[in-house]
Structure formats: structure tokens, C-alpha cells
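Remember, it's a predicted structure, so these values are computed and weren't measured experimentally. In what follows, chains carry the letters A, B, and so on, assigned in the order in which the sequence lines appear, proteins first and then strands, with residues in each chain numbered from 1.
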Protein chains: 2
Amino acid sequence: MTERDRYHHGDLRGALVDAALELLEAEGSEAVTLRAVARAVGVSHAAPYHHFEDKASLEVAMTKQIRLDLAQTLSTVATASGSDSPDLAVAYVVWAIEHPQRFRMLNRAHSFVDNVTTTPAQPARGFAFDLLMDSMRVGQESGYFADNDPQDLALAAWAAVHGLATLLLDGRLTDGPPTVSEARRLALSVTRVLGYGLLRR
Amino acid sequence: MTERDRYHHGDLRGALVDAALELLEAEGSEAVTLRAVARAVGVSHAAPYHHFEDKASLEVAMTKQIRLDLAQTLSTVATASGSDSPDLAVAYVVWAIEHPQRFRMLNRAHSFVDNVTTTPAQPARGFAFDLLMDSMRVGQESGYFADNDPQDLALAAWAAVHGLATLLLDGRLTDGPPTVSEARRLALSVTRVLGYGLLRR
DNA sequence: CGGCAGATCTTGACAGTGAAAAGATACGGG
DNA sequence: CCCGTATCTTTTCACTGTCAAGATCTGCCG
């Protein structure tokens, strides 16, 4: 709670999460080992166990932080661009390309989700889906979008964009590692097809 | 090469890959450890190193086998249904739900792809994309599909379907583990939206 | 101001993992 | 028949997640 790093105490837990995220970005998910994280913070290898029950528990904390970052990026884009523009879709794909490890971590969430118990009432679709559905509703009221169930529209859009991002990150669309400009181009192509539809009109 | 399991020799490598795949299906990817696989085959823990350079090398072999299985499933569906039907898309999603571990393995391929060097000329899009593009071309000639670049159409379709499958498997669309019928329903919904397009006509 | 209870951190240990090195064994070609 | 070589085993090492027990510091109550 205190602001400055206190000497012996300080805000471990927070420091651990930060170090873990840096390690992830710098050396990939394999390098994110409990001991390496502890080492990076300068603390003994068992210290993390007083703040996280598990390694999985640390990963859950990392995931929450990442989800927050993505949500913030997307929400600024969403408020700054019209609901009929492909900006949101492009921003999603570009963010994935620019933060590959973070994005992958989000998608591996299922593997350490014994504790995560999201409110059982509604599924954990997360922020992206909500933004999309709002966008769809607004677009419908403005006469842009077809008047299907906005949930169906949002799901199709999210699936397409999310699929494109994962395919790019898995290197299944490009020879080398995907670049941001390629990602932008493909995202625009996909959103165009998605907008007008596959079928001849 | 010999057919029957020979006593001392026999077709290890093949047996290791099979055992690894069974372990994967039965206990998840965490359980697929080199030693556990060796144990399952009844051989010492270092024996695999005479057939696979690495653990990653074993995983590459597993991936190839899985890719083959999926390709076979999809190709039978492709030949049995018209190019304008959503069968291929549904089959892709349903296969993913029915073989979650295998499907995830396919998508983790990037993590053990130092050796995989697909022919550098064309990206490793794999079989699904080729099937889709053929389907698109045929559909165009029959007057079903819009006459964009079929590659753009196929990419959008693949991205949507692949995205839906991964979202389902990550539990981001349903409360519990996704069922086949849910998967089928959502796949049909997504393909319908994809067909007619998001925008009002 | 003194000391104590509890949170926080360290030390040391254990089983399991991937990997390498070196020794044993059996197969097949000369 | 016999030996080279591929195949398999044994042993060993560094590293991992996890736990138990000890050490140290903090804040609080008197």
C-alpha cells in the first residue's frame, strides 16, 4: 500500500507480477519460472508462496493485468472512432501483433483457470465482446448494420478478428514473423469481407 | 518397418508417438512428458533420445499426425457437401470441440517450430486453407460467392471459423465446457452472418 | 518504552523433469 | 562366425514447483 519500495517489506506481489510480465515479454513464456521471477526481484525462491498459492495463481494475476491493458487500448479506440469503422478490429489485431506473448497468455488462460471462477451467471467473454456488441447496437440504430441479433453480429466479428490474430501469431499466414503493416492490411481485408458478406448480392 | 511389435527392437518412434497422443487425450498436455511416454511404452526414460533429438521433436511428430487426422476428416466432408453449404465450417469447429487437446496442440505449434521449416516459398497455412480456397473458387464459378479475390474470401472464412473454435475451447463463450451441439449452433450462426455480411443491404 | 504475535522472508529438502555421457546389448552384413 | 553399429539402459546433472521449518522484521498492546 505504501508508495515507495520499502526496504525489507515493500510491495512484493506487485513487484512479482511486474517482473513476471517483463520476463514474459523479454524471454517468452517458457522463461517465466517462479524461481526466475523471484531472482529478478531479488528475493528467495520460496518468497512468492507467501503471496501466491500456486504458480497458476501468479499467472492468473498476470492475466488480469494484461486483460486490463488490452481493455484500455481498445476502449480508447472505441470512443475515438465511429461504430461503422474497422478501427476497433484493426486495433485488436495490431495489439496482438505488438504484444504477442501477452496475447498468447490471454488465450492460454484455460490452463490455469481453476481459481478464476468468473461470475457463473454470464460467461467470461471479457471486454472485447462487450465493446463489439455496443458498437453493433449503435451501428444498427444508425442504420449501418443488418438488424440481426446484435449478439450474433458481434460474435461473428469477434471470431473473425480473434481468429485472424491467432493465425498471424502462429505464423500460419506469413513466412517470417508477422509485421504490423501486414496485420493491418489483413485485418482490413477481413473486415471488408465480413461487412459485405461472402455471398453474391 | 516390420509390421508386428518386435521384441527388443520393434517400431519405437511410432509407438512413442502413439503413446504420446493417447497420453495427451487422456490427461492433457501437461502430462505429456518424455519420461511418462517412455514409461507408457515400457522403455527407459532415455530411449526416446535415439529417435527424437528433442522433446520438441516428439511434439513435431505428434503435430504432423494430428494435422493428418484433421485433414482427412475435412476432406471427406468437403467432397461430400456442396461448396455453398456451411458443412465444412461446422465440421472444423466440431472437430475442434471433439478433440480439444489435439486442436490446442496444433495451435501451440509455434512453440516447437525451430525444426519445422516448411518450404520457405509459401507459408504453412495448411490443409484447411487450401480446402476453403478451392471451395470458394468453385462457389464463385457456380455464381454463389462474390467475385473478390478468393484468397481474401477464404482468409475471412478461415479466420472466423478458427476464431470461433479457439474461443469455444478457451471457454470464452459458454459457462461450462462447450458441447458439440452448442458448437454446431454457433458455427451455423457465424457462417450465416459471414455469408450475408454485417452491413445492411 | 518493551516485548510479543503474526506476517514476511530464507534455508533446506524432495520428487519429477529434460538432457547428456558412458556403458551394455542385440541385429545384420561381411 | 564375428564384429561394427544402431538401439537401449544406467547414471548423472541442473533446474523446476512445492513444502516444512527456521529466521527476521512489523505493528500493536500494555
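The stretch residues 13-30 of chain A has no heavy atom under 4.0 Å from DNA chain C, so no residue of it qualifies as close.
The minimum heavy-atom distance between B:Ser81 and B:Val77, with the atom names listed, is OG-O, 3.0 Å.
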For this session: Walk me through it: do A:Arg172 and B:Trp158 pass the test side-chain contact (heavy atoms from CB on, under 4.5 Å)?
Result: CA-CA 11 Å; A:Arg172 304 233 243 157; B:Trp158 189 25; 3.9 Å; yes
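At whole-Å resolution of the value, NE2 in B:His50 and C1' in C:dC27 are 16 Å apart. The CG atom of B:Leu58 sits 10 Å away from the P atom of C:dA19 (whole-angstrom rounding). Regarding B:His51, its NE2 atom lies at a distance of 12 Å from the P atom of D:dA6, rounded to whole Å.
Checking side-chain atoms of A:Arg200 against main-chain N and O of B:Gly143 turns up a donor-acceptor pair under 3.5 Å.
Ring geometry for A:Tyr92 versus A:Phe103: interplanar angle over 60°, hence perpendicular rather than tilted (30 to 60°).
More than 12 heavy atoms of other shown residues, nucleotides or ligands fall within 6.0 angstrom of atom CD in B:Glu25. The number of heavy atoms from other shown groups lying within 6.0 Å of CD (B:Glu98) is above 12.
Applying side-chain contact (heavy atoms from CB on, under 4.5 Å) to B:Pro178 and the options B:Ile97, B:Asp170, B:Val93 leaves one that passes, B:Ile97.
Side-chain atoms of A:Arg13 and A:His50 include no donor-acceptor pair closer than 3.5 Å.
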Exercise. Can you give one letter per nucleotide of nucleotides 11-17 of chain D, 5' to 3': B if a protein heavy atom sits under 4.0 Å from the base, S if only from the sugar-phosphate, - if neither?
Worked result: BB---BB
